[in-house]
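For the numbers below, each heavy atom of this structure counts, side chains included, while hydrogens, waters and symmetry mates do not. Because the structure is a prediction, the values reported are computed rather than measured. Throughout, a chain's letter reflects where its sequence line sits, starting with A, and its residues are numbered from 1.
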Protein chains: 2
Amino acid sequence: MDAWARLLRGHASATRELSAQLVTEHGLTINDYEALLYLSRAEEGRMRRVDLAEQLLLTASGVTRLLDGLERAGLVERASCASDRRVTYAVLTAAGRTKLQEASESHLAGVRALFEERFTSEEIVQLASLLERLPEAAGATAADCSP
Amino acid sequence: MDAWARLLRGHASATRELSAQLVTEHGLTINDYEALLYLSRAEEGRMRRVDLAEQLLLTASGVTRLLDGLERAGLVERASCASDRRVTYAVLTAAGRTKLQEASESHLAGVRALFEERFTSEEIVQLASLLERLPEAAGATAADCSP
DNA sequence: ACGCTATAATTGACTCCGCAACCAACTATA
DNA sequence: TATAGTTGGTTGCGGAGTCAATTATAGCGT
């Protein structure tokens, strides 16, 4: 029954470790990194802020502030949507794409160092299949503003 | 390879959900709760702040601020150590113990709702045994100030 | 054409927490 | 005993993120 506490903490510390690495080496938080990552995979490198929030498990205001930083750093810029003037896209810039590539090398190395040293590949599969049952935003990526 | 991101996020959202429940129902954050829990298990209901920090994966300053709040709420109080005048104990008060008991009922119910609905007991054991390999403070509880 | 409600985004005030700098007290060494 | 280094604890500052309130736009139903 107490296993949950340890589970939660082990996880928290792993996340912090990965995040700290990303911050010191590239000046990105783990959410910065993942924002860039989601954008890089999205159609035309752009997403509505609302959709990005859902993916990152942040509130709308959290995303506003996150993107503030990425915009100031020139990694992301704004674009508006012709068919719905409420929406503002976050668009990955060329600089953002470059930054993401740089960061992902060391980040993936960090992930491996943390996880793949401790688990076999079978265990990794097992873990992922278990943990993906936890509450999570469903992965519906609405790429365009007019559905 | 992307499974890690989902793993991390699924976990983060579970933690938030549990924490939010605790906050709205009892006015405790998850760290408040666990601080009370650790204290309740410690010898004489007291711990050095440093040791508490280690258990909670917080920095020394984090614990100072955490305990500020718990002291203001009357759930914890300070005591000094005769043999080492640098150390201040955090001591669980009677009110703190009561609060913990109240909170743990609904918290444990929340944990069950989140996890035990999704996993069989075998899977839970499996998960716990896998996740406890993640980096974590070793559980040495130095109860006294003079070792 | 008109309100009514829902949705996208932003802002201000707040909480939590880490970092760095600091003080005070303990320990070890000269 | 003076001096140096370490450890326990607190404080100021700043980052990250939430909530509640606000603004602007969309899309009904009548």
Show your reasoning for whether side-chain contact (heavy atoms from CB on, under 4.5 Å) applies to B/Met47 and B/Tyr89.
CA-CA 5 Å; B/Met47 279 202 215; B/Tyr89 284 114; 5.6 Å; no

Distance in angstrom units between B/Leu67 CG and C/dC16 P, rounded:
13 Å

Within a radius of less than 6.0 Å around CD of B/Glu105, do more than 12 heavy atoms belonging to other residues, nucleotides or ligands occur?
no

Under 3.5 Å, is there a donor-acceptor pair between the side chain of B/Thr88 and the main chain of B/Ser80?
no

Using whole Å, report how far CD1 of A/Ile30 lies from C1' of D/dA16.
14 Å

Please report the shortest heavy-atom distance between B/Ala103 and B/Leu22, naming the atom on each side.
O-CD1, 4.2 Å

Mind calculating the distance between CE (A/Met47) and C1' (C/dA8) to the nearest angstrom?
16 Å

In whole Å, what is the span from the CZ atom of A/Arg49 to the P atom of D/dT23?
19 Å

Which part of the nucleic acid, if any, lies within reach of A/Thr88 when heavy atoms closer than 4.0 Å are counted: base, sugar-phosphate only, or nothing?
sugar-phosphate

Once rounded to the nearest 0.5 Å, what's the spacing between atom CD of B/Glu71 and atom CZ of B/Arg78?
4.5 Å

In terms of the nearest nucleotide of DNA chain D, which residue is placed more toward the 5' end: A/Asn31 or A/Arg85?
A/Asn31

A/Glu25 atom CD, neighbour heavy-atom count above 12 within 6.0 Å:
yes

Nearest whole Å is fine: how far is D/dT6 P from B/Asp84 CG?
17 Å

Between protein and nucleic acid, restricted to nucleotides 18-24 of chain C and to nitrogen or oxygen atoms under 3.5 Å apart, what atom pairs and distances do you find?
from: C/dG18; atom 1: OP2; to: B/Thr59; atom 2: N; distance (Å): 3.1
from: C/dG18; atom 1: OP2; to: B/Thr59; atom 2: OG1; distance (Å): 2.9
from: C/dG18; atom 1: O6; to: B/Arg65; atom 2: NE; distance (Å): 3.2
from: C/dG18; atom 1: O6; to: B/Arg65; atom 2: NH2; distance (Å): 2.8
from: C/dC19; atom 1: N4; to: B/Ser61; atom 2: OG; distance (Å): 2.8

Take the protein atom OH of A/Tyr89 and the nucleotide atom P of C/dA8, then report the distance between them rounded to whole Å.
12 Å

Whole-Å gap separating P (D/dA16) and OH (A/Tyr33):
18 Å

B/Arg48 CZ to D/dT10 P, in whole Å, measures 13 Å

